[in-house]
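Sequence positions, counted from 1, serve as the residue numbers for this chain. If you're wondering where the values come from, they're calculated on a predicted model, not measured in any experiment. Just so you know, these numbers use all the heavy atoms, side chains as well, and skip hydrogens, waters and symmetry mates. Both ligands and their constituent atoms are indexed starting at 1 by order of listing.
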Amino acid sequence: ELDPFPKTFLWGSASAAYQIEGAYQEDEKGISVWDTFVKQPNTTFKNTDGDVAVDHYHRFKEDVALMAELGLKAYRFSIAWSRIFPNGKGQANQAGLDFYSQLIDELLAYNIEPIVTIYHWDLPQALQDQYGGWESRQIVEDFTRYATILFDTFSDRVNYWVSLNEQNVFITHGYLLGTHPPGVRDSKRMFAANHIANLANASVIKAFKKGGYKGQIGPSFNYGPSYAFDSDPLNVLAKIDTEELMSFFWLDVYATGRYPRTVMKQLEKLKLAPVVTEADQQLLASGIPDFIGLNYYQTATVKASTNDSFSGDMGMNNSGKKGTSKEIEIPRVSKFVKNPYLEQTNWDWTIDPIGIRIALRTIESRYRLPVLITENGLGEYDKLEHGEIHDPYRIEYLQKHLQEIQAAMTDGVQVLGYCSWSFTDLLSWLNGYQKRYGFVYVDRDETSERTLNRYKKDSFYWYQKVIQTNGDY
Ligand code: BGP
């Protein structure tokens, strides 16, 4: 028997500025590293920039009206740093503040709780050029100043803040795999930049607490638990190593202010460990969040690796052609293998509802912090036919995940709410516009006229019912 969802449960949906807004140069907005990255010569990004995206900047009232029709209780969005500070710092841009102020007011008019992400990857290009972005300690101060302006301007109306979105993703892709800006492939630089991002995260949380603002703050983290392929003790050890390296290396710092000793020891041996001063240690300890934001998509299954070298190629399937991803290996740690019990999407992401229960249980038993599920969803091809989109696969995916969340809550995990990814269809960073996640279809048909019209999918009506019945449908 499952406990019912609490009355206060935040039934939500999520998005991020670069993926929906468009209007990339309007109202004094500065250029971000993503604006630049997708337009480099020889880029693999074709027709997949965020210049127009789904034009949310001009259509936010229409979008919020759809959220109200669906019955959302919460909406997670991000603020583009370069709208507030076109050059990353200096004088705040009033037009940028006004845009988000109007969006927040519009949400509140329909009783939709805004959940505001302060950083969802679109760093002002000026800070990259000036001092190398996340590789310079100067960013700690600039990021804190930017966040503080947001707290001062909006905390009378905002109760939930997400500090950094998926630090593990933007740091590893940006500095190890080279697939996100600034396109670096250097593990030493990656661990150094990552440490600075930790400091920036802690500094913002500390500023929030010291400022006495009302509400709660925490980082969102992409946590997909790992399984051992079988009970071979070597594979079980590989599972532990993988989770420490890929997840607890971040989550431990957020929740306890300390790096896991095992990973740090390995990094020291490899001469990759970041420099952590006494002052850093204190800052990390003073920036403990109120909740962990969980972005959950899939799990991994691992065997032990005996290989020595890293190919630098994560072998991801960004084409949407099923079965094209390559086997990933972290040398001397683990080899990622197919899990015979789990289905995969067309982008080769495993579909594993019980995995979210395992993620929630792990966070609870390790950190005893509440969790806000800030992302979860299915990226698939959708087909618009006579104004309708039949997406039973998405309904099934979300329904099964919600059931496991309810089970985790029944187990005793504190879950504040659930934001599906995403509300409208939007830009997928590495997959363009064909990989769709929304309850609302956006017509971005590049072959005919791109109307950007919105259409409600079947999953829209399904989620509407879920919310109406508080999960008891
Ligand atoms: C998360 C990001 C989101 C979103 C999502 C889906 O990592 O926080 O911004 O993009 O993943 O991923 P993708 O677009 O690669 O399918």
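- Between the side chains of Thr424 and Tyr437, no donor-acceptor pair of N or O atoms lies under 3.5 Å.
- With hydrogens and angles disregarded, a donor-acceptor distance shorter than 3.5 Å links the side chain of Asn93 to the backbone of Arg83.
- Contact atoms of ligand 1 toward Asn165: 8 (O) (distance under 4.0 Å to a heavy atom of the residue).
- Using a 4.0 Å cut-off to heavy atoms of Asn431, the atoms of ligand 1 that qualify are 13 (P), 15 (O), 16 (O).
- At a 4.0 Å heavy-atom cut-off, ligand 1 does not touch Trp347 at all.
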* Could you walk me through whether Thr374 and Ser220 pass the side-chain hydrogen bond (donor to acceptor under 3.5 Å, both in side chains) test, one step at a time? => CA-CA 7 Å; Thr374 38; Ser220 280; 2.9 Å; yes
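- Defined by atom type and a distance below 3.5 Å, a donor-acceptor pair is present between the side-chain atoms of Thr451 and Asp443.
- The protein non-hydrogen atom at the shortest distance from atom 16 (O) of ligand 1 is Tyr437 OH, 2.5 Å.
- Within the 4.0 Å heavy-atom shell around ligand 1 one does not find Leu430.
- For atom 5 (C) of ligand 1, the nearest protein heavy atom (residue, atom name, distance) is Tyr297 OH, 3.3 Å.
- Within the structure, the closest approach of Trp349 to ligand 1 falls below 4.0 Å when heavy atoms are considered.
- In this structure, the separation between CD1 on Ile288 and OH on Tyr254 is 12.0 Å, given to the nearest 0.5 Å.
- Centroid-to-centroid, the aromatic rings of Trp11 and Phe5 come within less than 6.0 Å.
- Atoms of ligand 1 lying under 4.0 Å from any heavy atom of Lys435, numbered from 1 in the order shown and given with element: 13 (P), 16 (O).
- When hydrogens are left out, the protein atom nearest atom 7 (O) of ligand 1 is Glu166 OE1, 2.4 Å; that is the closest non-hydrogen contact.
- In this structure, OH on Tyr57 lies 7.5 Å from CD on Glu21, to the nearest 0.5 angstrom.
- The parts of Ser428 lying near ligand 1 are both backbone and side chain, judged by heavy-atom distances below 4.0 Å.
- Between Tyr297 and Trp347, a ring centre-to-centre spacing not shorter than 6.0 Å is recorded.
- The protein heavy atom nearest to atom 2 (C) of ligand 1 is Glu375 OE1, 3.4 Å.
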